[in-house]
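Just so it is clear, the values below take in all heavy atoms, side chains as well, and ignore hydrogens, waters and symmetry mates. Convention: sequence-line order gives letters A, B, ...; per-chain numbering from 1.
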Protein chains: 2
Amino acid sequence: MVAMAALDGDLGWTLGVVFRAYVKASTAVMADVPGGHRGYQVLTAAAREEAPSQSALGAQLGIDRTVLTYLLDDMERADLVARKPDPADRRARRIVATEAGHALLCTLEERLARAEAHILAGLPAKDRRTLKSLLSRLAAHANALDPVDSTCAVVEDLTTPHPT
Amino acid sequence: MVAMAALDGDLGWTLGVVFRAYVKASTAVMADVPGGHRGYQVLTAAAREEAPSQSALGAQLGIDRTVLTYLLDDMERADLVARKPDPADRRARRIVATEAGHALLCTLEERLARAEAHILAGLPAKDRRTLKSLLSRLAAHANALDPVDSTCAVVEDLTTPHPT
DNA sequence: TATTGTTATACTCTATAACTATA
DNA sequence: TATAGTTATAGAGTATAACAATA
């Protein structure tokens, strides 16, 4: 257990606990998908968007293009997506979800919803809505606040490299 | 950016965004600490508890004992903690925070609080309290709900091993 | 020359197992 | 025999760089 109730009202702590619970549950859901969470994300994008190119996918999902190659190899082998030649650019490949891919995606989304409900089960319906709304507001804001004013950073480098 | 607004009211999504924002900010805070977050956790435990043994530390923080050895090597080299012999058990070492360790811990906690405030800045004070309270309730509950009824698991193994 | 995708290599983390010194 | 801590080895995941085909 990663427990230890350091500062219990601590945001980082509670956020971490809840997030890890969610990750754990969703990881179980994704267990059989090649690439796990990433495979799911790719599948979602391939099913929703208009056959994105690999570079577009990578940029969108924050997946390195070299990693994406291997991931798509696995997913193609599992018959979840296919690489189609782009008629307009012979260098590019457009990623489309296969029928099996769409079917799996449905199943996954359903199971994810169940996992979410399970996590939120500790809260009455009204509080659940409140929490989701607050988080959503914060998320919208968080995307825009990258410049974490680290003006006061740099203490002194305490890190020593492993001497092997 | 890991963006992509898939289902925007989605718990996993918003939770992930907020959590990652927090992780990013706190990672910046921990940048100079050997072992990053883990180093911070170890430092906290060493400063608070009564000189825990390595095995106690590992169990408490979910850090493998072999990893802990390397981590403590680095932290000791940086003069943040020290390994003291346990008078009662000559196999064990008790981990204590040095003076520099305590000092650093203070600084880190202060900077963490600032990072947290920064993340929460998107919400008015009242909502901030509500969110923290809801999360805290959920966290308390989450620790006890490990048995994610995966009764309906196992679809079929789509994973294919890399042929290298 | 720049870009899309692939491949090969290297590096970082983590996990496993084997070893010592105690108990 | 079992436990605390250390060390060595091997694996997964990721990052870097070089390459082929095309723009």
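In this structure, B:Arg93 places its CZ atom 11 Å from C1' of C:dT22, rounding to the nearest Å. Nucleotide C:dG5 holds its C1' atom 14 Å from the CZ atom of A:Arg94, rounded to whole Å. Spacing between atom OH of B:Tyr70 and atom P of C:dA15 amounts to 13 Å, rounded to whole angstrom units. Taking atom CG on B:Leu72 and atom P on D:dT6, their separation rounds to 7 Å, with Å as the unit. Rounded to a whole Å, the CG atom of A:Leu57 is 19 Å from the P atom of C:dT3. Distance B:Leu71 CG to D:dT6 C1': 15 Å, rounded to the nearest Å. The nearest whole Å value for the distance from the CD atom in A:Gln54 to the P atom in D:dA21 is 17 Å. C:dG5 atom P lies 9 Å from atom CG of A:Asp86, rounded to whole Å.
Distance from the side chain of A:Thr69 is smallest to C:dT7 among D:dG5, D:dA15, C:dT7. Across C:dG5, D:dG5, C:dA2, the shortest atom-to-atom separation from the side chain of B:Ser53 is found for D:dG5. Side-chain atoms of B:Ala92 lie closest to D:dG5 of the nucleotides C:dT4, D:dG5, C:dT6.
At D:dC19, none of the side-chain N or O atoms of A:Arg91 fall inside 4.0 Å of OP1 or OP2 (strictly under the cut-off). Regarding contacts with the backbone of C:dT4, every side-chain N or O of A:Arg83 stays at 4.0 angstrom or more from both OP1 and OP2. Contact annotation: B:Thr66 does not reach the phosphate of D:dT6 (side-chain N/O to OP1 or OP2, under 4.0 Å).
Not a single donor-acceptor pair under 3.5 Å links the side chain of B:Glu116 to the backbone N or O of A:Asp10. Within the 3.5 Å criterion, the main-chain N or O of B:Tyr40 finds a donor-acceptor partner in the side chain of B:Thr44.
Using a 4.0 Å heavy-atom criterion, one finds that A:Asp89 contacts the sugar-phosphate atoms exclusively.
No side-chain donor from either of B:Arg94 and B:Gln54 sits under 3.5 Å from a side-chain acceptor of the other.
Among residues two or more places apart in sequence or in another chain, the ring-ring contact (aromatic ring centres under 6.0 Å, His included) test is passed with B:Tyr22 by none. By the side-chain hydrogen bond (donor to acceptor under 3.5 Å, both in side chains) test, A:Ser55 pairs with A:Ser53, sequence neighbours left out.
With hydrogens and angles ignored, a donor-acceptor pair under 3.5 angstrom links the side chain of A:Arg65 to the base of C:dG5.
A residue-by-residue look at A:Arg90 and A:Val67 shows that A:Val67 has its nearest nucleotide of DNA chain D further toward the 5' end.
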